[in-house]
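A quick write-up on the structure given underneath.
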Amino acid sequence: MKFFDQVKLHTKKIPRGRVASYGQIAAMISTPRAARMVGWCLHTMDGLSDVPWHRVINSKGYITTNCETHTSSVQKQLLEQEGVKFIKKDGLWWTDMKRYQWRSRESEV
DNA sequence: GAGCTGACAATAG
DNA sequence: GCTATTGCCAGCT
């Protein structure tokens, strides 16, 4: 099992209408500081995979994507379709992590 | 084959 | 409490 594969698996486990942080995913893979890899992993998916990459944001609840294929607007829209409310904060889309952050049993361990 | 890059997070000062 | 630096590991050049 490679790092990327684990990121995909955990990302796919995120339920609809819920979001997770990069660090959270990284922590599930037993590598809390590999949050950068999580984000980059999702970038390589490029939407071609069946992985809900839009459900992964940074720990502050901000969308920090500016790629052509992953603009903040796109990610925000995908999440809003799932019931996640977004607010424009400091020029970036922000969501309340306290309400929408996914709490899996594995992440609690 | 080696070095650089990359959607962040945590620790130290 | 806030700012700056280090760490993470696989893909890309």
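Below, chains carry the letters A, B, ... as their sequence lines are ordered, and counting in each starts from 1.
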Interatomic distance, Lys8(A) NZ vs dA10(C) P [rounded to whole Å]: 13 Å
Pairs where residues 90-100 of chain A contributes a residue and the test side chain to side chain donor-acceptor pair (under 3.5 Å) is met, not counting sequence neighbours: Asp96(A)-Lys98(A)
4.5 Å side-chain heavy-atom contact, Trp40(A) and Phe4(A): yes
Any Thr64(A) side-chain nitrogen or oxygen under 4.0 Å from OP1 or OP2 of dC8(B): yes
Rounded interatomic separation in angstrom, taking CH2 from Trp53(A) and P from dG6(B): 18 Å
Euclidean distance, atom CD1 of residue Ile63(A) to atom C1' of dC8(B) [Å, nearest integer]: 15 Å
Qualifying side chain to side chain donor-acceptor pair (under 3.5 Å) pairs with a residue from residues 27-38 of chain A, counting only residues at least two apart or across chains: none
With Lys89(A) via salt bridge (charged side-chain N to carboxylate O under 4.0 Å, His left out) - residues at least two apart: none
Separation of atom CD1 in Ile25(A) from atom C1' in dA10(B), rounded to whole Å: 17 Å
Could you list all N or O pairs between the protein and nucleotides 2-9 of chain C that sit under 3.5 Å apart?
from	atom 1	to	atom 2	distance (Å)
dG7(C)	O6	Arg36(A)	NH1	3.1
dG7(C)	N2	Arg33(A)	O	2.9
dC8(C)	O2	Arg33(A)	O	3.0

Residue-phosphate contact under 4.0 Å: Ser59(A) side-chain N/O, dA9(B) OP1/OP2: yes
Between dC8(B) (C1') and Ile57(A) (CD1): distance, integer Å: 12 Å
By side-chain hydrogen bond (donor to acceptor under 3.5 Å, both in side chains) - contacts of Thr69(A) (at least two apart): Asp46(A)
Whole angstrom value for the distance that separates C1' of dC8(B) from CE of Met97(A): 12 Å
Between dA10(B) (P) and Asn58(A) (CG): distance, integer Å: 11 Å
Set of residues satisfying side-chain contact (heavy atoms from CB on, under 4.5 Å) with respect to Glu82(A), sequence neighbours excluded: Arg16(A), His54(A), Arg55(A), Leu79(A)
Distance, rounded to the nearest Å, where Lys60(A) contributes NZ and dA10(B) contributes C1': 11 Å
